[in-house]
Amino acid sequence: MDSKLSKEELMSLINSLNPKIKKSLKNTNYQDRNDLEQEIKLKIIESYEKIAAIEAPNFEEFLVEFLTKQKQ
Amino acid sequence: MNPVTSHFFSHSLEFLQQQYSSFFEQPIIHVFLQNPEHMKILTETLDSPSSHNICHLNEAFQIFYYRAKVYKYMCSLIYFFSVDFDKRARKQRERYRMVLDEAPGDTGRMIDRIGNNDVQLEKLGETNDLSSHITDEEMIKALQKLTAKQKLVLTMIFSYGLSNKEIAAYFHESPQNISSIRKQALKKLRKHYTDEGYNRKEKSHCG
């Protein structure tokens with residue numbers, strides 16, 4: 001199974017997160033905002049490997065984990 | 001197959017929702033099942049818990065969960081990176097107060113601006129720096145509506161990048177007052193635009 005993110009998907013994900021990025025620009029000065037926007041996008045693309053390495057459990061694994069946690 | 005999950009899959013959905021209510025209340029499961037397609041996969045799996053169906057469910061859930069995790073990861077990344085970036089930028093500004101030999105990309109007039117800075121600070125109002133930066137006619141009109149002081153404060157904030165504190169020191173006032181002047185000025189500008197938009201609409205209706 002290929003649950004990994006393709007690079008195209010990553011780009012579309014960045015685009016969909018654009019409002020969030022814009023909001024975070026308010027954390028810095030007017031003069032630095034364009035820089036920050038670029039740096040954030042760069043940072044996300046740089047951490048592609050990390051993002052691709054994120055692992056998620058499947059349904060059964062999640063269910064078993066949840067049930068054992070609940071028993072404790 | 002795991003006996004726990006096979007036991008789970010042998011029940012009907014209604015029964016499960018009662019018996020395992022806390023499981024269905026898990027945010028990830030809740031949102032997952034809001035998608036009708038995912039719900040369909042689950043009901044199909046419960047109807048006939050074949051290994052093929054279970055596999056299908058597992059896959060769909062894993063992809064969904066992975067996306068959610070990536071999304072979360074990126075959101076925190078954006079937030080913390082922006083906070084960090086500002087910290088670094090501030091440190092940089094503290095250490096290297098003026099960078100004279102490097103032009104900021106688009107304007108390329110850093111030296112000119114700094115050269116005049118001290119003299120201009122005394123007569124900011126006369127140079128009317130803010131409207132000279134603006135090309136939008138409506139904005140210039142809106143700026144003319146502001147009081148002299150509001151204009152001056154905006155000029156200091158946006159053209160010179162001074163902080164509320166610094167401006168307050170210049171006027172011998174409190175930073176809170178500067179902040180409220182700035183807020184009011186921006187509100188006025190915004191109001192000009194909304195009013196203007198309304199007028200234009202009205203005109204086009206009449207015409």
Does F23(B), at its CZ atom, have more than 12 non-hydrogen atoms belonging to other residues, nucleotides or ligands within less than 6.0 Å? yes
Between Y73(B) and chain A, which part of the residue has a heavy atom less than 4.5 Å away: side chain, backbone, both or neither? side chain
For the NE2 atom on H56(B), are there more than 12 heavy atoms of other groups (residues, nucleotides or ligands in this structure) within a distance under 6.0 Å? no
Point-to-point distance, once rounded to the nearest 0.5 Å, from CG of L77(B) to CD1 of I21(A): 9.5 Å
Does F66(A) reach the side chain of I29(B), with side-chain heavy atoms less than 4.5 Å apart? no
Where on L36(A) is there a heavy atom nearer than 4.5 Å to chain B: the side chain, the backbone, both, or neither? both
K149(B) atom NZ: more than 12 heavy-atom contacts under 6.0 Å: yes
Can you name the one residue among N27(A), T28(A), D32(A) that meets side chain to side chain donor-acceptor pair (under 3.5 Å) with S82(B)? N27(A)
Is it the backbone or the side chain of E37(A) that comes under 4.5 Å from a heavy atom of chain B, or both, or neither? neither
How about L17(A) and Y71(B): do any of their side-chain heavy atoms sit closer than 4.5 Å? yes
Measure Y20(B) against the heavy atoms of chain A and call it side chain, backbone, both or neither at under 4.5 Å. side chain
Option in I51(A), L63(A), I40(A) with maximal non-hydrogen atom pairs under 4.5 Å from chain B: L63(A)
Between the side chain of N58(B) and the main-chain N/O of E60(A), is any donor-acceptor distance below 3.5 Å? yes
Contact winner vs chain A - A89(B), S22(B), G161(B), heavy-atom pairs under 4.5 Å: S22(B)
Drop me the distance from F59(A)'s CZ to T45(B)'s OG1, to the nearest 0.5 angstrom. 8.0 Å
Quick one, N29(A) and R90(B) - any side-chain contact, counting heavy atoms below 4.5 Å? no
Considering only heavy atoms, which portion of K26(A) lies under 4.5 Å from any heavy atom of chain B: side chain, backbone, both, or neither? neither
Ionic contact status for D84(B) with K43(A), cut-off 4.0 Å: no
Taken to the nearest 0.5 Å, the spacing of I54(A) CD1 from M74(B) CE works out to 9.5 Å
Under 4.5 Å to a heavy atom of chain B? For N34(A) that would be neither
Starting from the C-alpha separation in whole Å, work towards a yes-or-no answer on side chain to side chain contact (heavy atoms under 4.5 Å, CB included) for I44(A) and F81(B). CA-CA 10 Å; I44(A) 292 174; F81(B) 187 78; over 6 Å; no
Can you tell me how far the CZ atom of F85(B) sits from the CG atom of D35(A), to the nearest 0.5 Å? 5.0 Å
Side chain, backbone, both or neither: which part of Q31(A) has a heavy atom under 4.5 Å from chain B? side chain
Would you indicate whether Q26(B), at its atom CD, is surrounded by more than 12 heavy atoms from other residues, nucleotides or ligands within a distance under 6.0 Å? yes
For E55(A) and K69(B), the nearest pair of non-hydrogen atoms, with its separation, is O-NZ, 3.0 Å
Got N58(A) and Y66(B) here, is their nearest side-chain heavy-atom distance under 4.5 Å? no
Verify the neighbour count for atom CZ of R88(B): are there more than 12 heavy atoms of other residues, nucleotides or ligands below 6.0 Å? yes
